[in-house]
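Following: one structure in structure tokens, then a few remarks.
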Amino acid sequence: MAMPDLTAQKLSQLGITSPEAVAGCFAQVQRAFDDQAARHCLDSGDWRAFVIKWTGRKSGVLSQITDNWLKPASPELKRVVGQELNKLKTHVESVLAERETAIKAAAEQSAAARDKIDLSLPGIERAIGTRHLIRQTFDELQRIFLSIGFSVVEGPEIETPYYNFEALNIPEHHPARDNMDTFYIEGTRAPYLLRTHTSPMQIRTMEKQPPPVRIIVPGKVYRRDNPDSTHGYMFHQIEGLAVDTDITFCDFKGTVEYFVREFLGPKVKTRLRPSFFPFTEPSAEVDATCHVCGGTGCRVCKQSGWIELFGAGMVNPAVYGFVNYDPERLSGFAFGMGVDRLAMMKYGVPEVPLLFQNDVRFLRQFP
Ligand code: 2NL
């Protein structure tokens, strides 16, 4: 007979009348318990249910036996039922206690095993980034200018029209503003804009310190362009400025040539081509012999043998007026180069978007 049916009935209903038969019933119950105890594993949720099934106050098997077998037992059987019940209770409790100790020990052991640090395992490898190609190019350019006595100055990307245009001899409605159309910041009382070159920081430096000045200003600059393979709305620039009492066009030319040879190699030749900037006079475009054909003419240099590198010139004396420098006593040169352009040229990057999409297949080529 299955367990609940057996203990749900009174002994008289089961037809038990002798002490031997009582002992037989208890033996049957104990076998059922031992059987289940062996099957119920150390899984603790399952274990709880098993414990309650046997020792639960309300409807546990032991309580059922007390209620159904012991209490209504006939006077002749009461003693033996009580004895058998006590034996069963002791057995059940000792088995449960034993198993519980084993469960706890096993849980502790597995927790200890889990927490143990295996020092022989390889560590977690974290990918360490590398310097982006533009950063590498900035560093290279800065190294060259630092080696000949320039210092690095940085400044804000949000500027006023005065520092970005007026103080650089670009008055309102000057046509030079056309290709430097920029982003204006709305909702501020004073007009603010995103700088179109890093020149504002050269103006700020001259305002603050007396000559001599020998600085380069690296940074991000913005222009309102439609993005394509050669343009973005942002690019990186390094501008340079040298002002002193005795700076000549020869210093300008010598510095430019030194820089180009350091950056592109000793075989590269340089030429200056007349140009125009409102903030320099005279102004020049600096060209270098083509890095692809070496000057003989190819598709990249459009058969000319020359590649345009950057713009430069002698500082327009009008600029000195804005910073309280004496144009009679001082002279200097300045230049501005697009870092992205130079990086693309030197490393053969075909289009601007590649620089800023941060595709690892591109980045990994410049570790
Ligand atoms: C270009 C050309 C240039 C300058 C920038 C400059 C700054 C001051 C005074 C005079 Cl404070 N000049 N900067 C001079 C010549 C050229 O940039 O094409 N840049 C991308």
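Atoms considered below: every heavy atom in the structure, side chains included; atoms not considered: hydrogens, waters and symmetry mates. Just so you know, these numbers come straight off a predicted model, no measurement behind them. Order of listing sets the numbers, starting from 1, for every ligand and every atom in it.
The protein non-hydrogen atom at the shortest distance from atom 16 (C) of ligand 1 is G311 O, 3.4 Å. Scanning the protein for heavy atoms near atom 8 (C) of ligand 1, the closest one is L168 CD2, 3.7 Å. Nearest protein neighbour of atom 11 (Cl) of ligand 1, counting heavy atoms only, is Q202 CB, 3.4 Å. Of the protein's non-hydrogen atoms, the one nearest atom 10 (C) of ligand 1 is F279 O, 3.3 Å. Shortest contact from atom 13 (N) of ligand 1 to any protein heavy atom: E239 OE1, 2.9 Å. Here the protein heavy atom with the shortest distance to atom 20 (C) of ligand 1 is Q237 NE2, 3.4 Å. At the top of the distance list for atom 3 (C) of ligand 1, counting protein heavy atoms only, stands G336 N, 3.4 Å.
Heavy-atom minimum distance, E159 versus P156: OE2-CG, 3.8 Å.
Inspection of the N169 and H174 side chains reveals no N or O donor paired with an N or O acceptor under 3.5 Å. If you check the side chains of W54 and Q36, you find a donor sitting under 3.5 Å from an acceptor. Remark: the E257 side chain and the T270 side chain contain no N/O donor-acceptor pair separated by less than 3.5 Å.
How far CD1 of I158 is from OH of Y192: 9.0 Å, rounded to the nearest 0.5 Å.
Within the 4.0 Å heavy-atom criterion, neither part of N316 lies near ligand 1.
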Please tabulate, for side-chain N and O atoms in residues 246-255, each donor-acceptor pair with protein atoms closer than 3.5 Å (sequence neighbours left out).
from, atom 1, to, atom 2, distance (Å)
T248, OG1, C250, N, 3.2
T248, OG1, D251, N, 3.3
T248, OG1, D251, OD2, 3.3
D251, OD2, T248, N, 2.8
T255, OG1, D251, O, 2.6

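F310 does not count as a contact of ligand 1, since none of its heavy atoms falls under 4.0 Å from the ligand.
Among the atoms of M337, none of the N or O lies under 3.5 angstrom from an N or O of ligand 1.
In this structure, R204 forms a cation-pi arrangement with Y163, its terminal cationic atom sitting closer than 6.0 Å to the ring centre and no more than 45° off the ring axis.
Residue nearest to atom 12 (N) of ligand 1, selected from G338, A334, S199, A284: A334 (by heavy-atom distance).
Per-residue contacts place F277 under 4.0 angstrom from the following atoms of ligand 1 (heavy atoms of the residue considered): 2 (C), 15 (C), 16 (C).
With hydrogens and angles ignored, the 3.5 Å screen pairs a side-chain donor or acceptor of H197 with a backbone N or O of N164.
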